[in-house]
Protein chains: 2
Amino acid sequence: MIINVGIVEDEKQIRESLTVLINGSEGFTCLYAFETAEEAILAIPTLNLDVVLMDIHLPAKNGIDCIAELKPKHHSIQFLMCTSFEDTDSVFKALKAGASGYITKTTQPSKILDAIVEVFNGGSPMSSNIARKVVDSFQISNKENLEIQKLSEREKEILNLLSQGFRYKEIADKLFLSTETVRTHIRNIYEKLQVNSRTDALNKTFPK
Amino acid sequence: MIINVGIVEDEKQIRESLTVLINGSEGFTCLYAFETAEEAILAIPTLNLDVVLMDIHLPAKNGIDCIAELKPKHHSIQFLMCTSFEDTDSVFKALKAGASGYITKTTQPSKILDAIVEVFNGGSPMSSNIARKVVDSFQISNKENLEIQKLSEREKEILNLLSQGFRYKEIADKLFLSTETVRTHIRNIYEKLQVNSRTDALNKTFPK
DNA sequence: ATAAAAATACCACTTTAGTAGTAGTGCTTA
DNA sequence: TAAGCACTACTACTAAAGTGGTATTTTTAT
């Protein structure tokens, strides 16, 4: 089993040393290396690549947009970002576009090969501080959750049903309450949260 | 520099072998191992732990809720899930609760020690398929975004204002339209999305 | 050039949501 | 034990949202 790797990287030196690294290692081959996103977008659909190493900064169209175009149509290709940018914004944009891994250019050669294997096998190799950024992004809710803590258990239960779009009557039926009781609870929820509509209540408690 | 590790794990055998592993390795010490979430919640605030290995399945309160209670008050402690559950739901709940890493019990001993070091150093160690789940979760938007693509520019603009909780009159004023026009747009949005309320429309287009 | 889609707008109507006041029961705790 | 909160429930009302039909103008695509 040989992993077919493509490269999209504008800096000649990096592109060539990556090519040499990959072709010099058993189990890998790199037959195509592109300088621009545009070339890659034209060629890649006709090739049979397993993994594509993608830089972010490229002359015209950037690497993130390049993935965004290719990934939806070529789901079996695994895109691995290999770049020097590691700001939160770049990381999340790349992952949203369809990258499955994210390593920095400073990664040592043997680790780059490891990452290629890992992404090929369905993993998501990431540099350690990038993984942390990604994991931390799940925890944001804690801040605003101060709001939700003002509510009683019953109120949270009703808010949760509100968030799913149920009407008062449906909530009442689910909880075996009268519609009027549901109405009262919601009035109290709104007062505690200092809002006066369902959407405002949800935006305060389930942000983002 | 010695990393102070705590363990919360109900199965005696696993708890003890983890303790032995950690105490037998240079640079690590494990002075406290708890059988239940309740014990951990009582004791941990008084200890000075760097990393806590947490199981999910525990007798009464589970490990995720245990983290949810401890993490907000003890931000410097790094929680590392070590469990046999690796369903999507458990993973995301744990990360939301405040876990910074997630490995499975089948991880080999040396890798467990590596993960402890990594989480202690601000990384987020994860088993390879768990990392992929996490990364894939960023791409979900692409699926549901098929929904939003059915809408015209004006409709997306109005949907966006709807999501912020504005009423028809307010949207009309912002866009210099009549309320009736806004009403018509919203009717068309709902028809395209096959929903019949603001909350349902938002849940279909801005999921999660 | 013509059909389709998008954007604008009105009327009339029904349903749902939100506001206000009130009140009984039961549990907790100071 | 009295005050406070949570949970339940009612009436009455107003405001907002949602449904249906229709129509003109502009833009876009075939």
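Below, read A as the first sequence line, B as the second, and so on, with proteins coming before strands; counting in each chain starts at 1.
- Residue B:Asn188 contributes atom CG, which lies 11 Å from atom C1' of C:dA5 at whole-angstrom precision.
- Rounding to the nearest 0.5 Å places NZ of A:Lys93 at 13.5 Å from CD1 of A:Ile67.
- Remark: B:His185 is not in phosphate contact with C:dA6, judged by side-chain N or O atoms under 4.0 Å from OP1 or OP2.
- Residue contacts shown for A:Ser152 are limited to sugar-phosphate atoms, with no base heavy atom under 4.0 Å away.
- Other residues, nucleotides and ligands contribute over 12 non-hydrogen atoms within 6.0 Å of the CG atom of A:Asp173.
- Here B:Ser197 lies in heavy-atom contact (under 4.0 Å) with sugar-phosphate atoms only.
- Where A:Glu155 and B:Tyr190 each meet DNA chain D at their nearest nucleotide, the meeting point lying more 5' is that of A:Glu155.
- Between B:Ile186 atom CD1 and C:dT8 atom P there is a gap of 13 Å when expressed in whole angstrom units.
- If you check every strand for non-hydrogen atoms under 4.0 Å, A:Lys156 touches nothing.
- For the helix from C:dA1-D:dT30 to C:dA30-D:dT1, the end axes, each set by the C1' atoms of five terminal pairs, are bent relative to each other by 60° (nearest 10°).
- Between B:Lys156 atom NZ and B:Ser163 atom OG the span is 14.0 Å, to the nearest 0.5 Å.
- Put simply, CG on B:Asp200 is 13 Å from C1' on C:dT16, counting in whole angstrom units.
- Rounded to whole Å, atom C1' of C:dG18 lies 15 Å from atom CG of A:Leu193.
- What separates CD1 of A:Ile189 from C1' of C:dG18 is a distance of 13 Å, to the nearest Å.
- Under a cutoff of 6.0 Å and an axis angle of 45°, B:Lys71 and B:Phe79 do not form a cation-pi pair.
- Between A:Thr205 atom OG1 and A:Asp200 atom CG the span is 10.5 Å, to the nearest 0.5 Å.
- In this structure a side-chain-to-backbone donor-acceptor pair under 3.5 Å is missing from A:Asn121 to A:Gly123.
- The phosphate of C:dA9 (OP1 or OP2) has a side-chain N or O of B:Thr181 nearer than 4.0 angstrom.
- Look at B:Arg154 and you won't find any side-chain N or O under 4.0 angstrom from OP1 or OP2 of C:dA7.
- Projected onto DNA chain C by closest heavy-atom contact, A:Leu162 and A:Thr184 fall at different nucleotides, the more 5' of which corresponds to A:Leu162.
- One atom, CZ of A:Arg187, and another, C1' of C:dG18, lie 9 Å apart when rounded to the nearest Å.
- Distance OH/A:Tyr32 to CD/A:Glu39: 14.0 Å, rounded to 0.5 Å.
- Straight-line distance from the CG atom of A:Asn196 to the C1' atom of C:dG18: 8 Å, rounded to whole Å.
- In this structure, A:Arg198 reaches the sugar-phosphate backbone alone: every heavy-atom distance under 4.0 Å involves primed, P, OP1 or OP2 atoms, never a base.
- The CD1 atom of A:Ile2 sits 10.5 Å away from the CZ atom of A:Phe28 when rounded to the nearest 0.5 Å.
- For A:Gln194 and C:dT19, the CD to C1' distance is 14 Å, given to the nearest whole Å.
- Residue B:Glu11 is tested with B:Arg15, B:Gln13, B:Glu9 for a side-chain contact (heavy atoms from CB on, under 4.5 Å); the sole match is B:Glu9.
- Where DNA chain D meets chain A (any atom under 4.0 Å from a heavy atom), the bounding nucleotides read 5' to 3' are D:dA6 to D:dT11.
- Remark on DNA chain C: of its neighbouring residues A:Glu180 and A:Phe166, the 5'-side contact belongs to A:Phe166, judged by nearest-heavy-atom nucleotide.
- Aromatic ring orientation, B:Phe138 versus A:Phe92: parallel (interplanar angle below 30°, classes split at 30° and 60°).
- Of the listed nucleotides (C:dT8, C:dG18, C:dC10), C:dC10 has the atom at the smallest distance from the side chain of B:Ser178.
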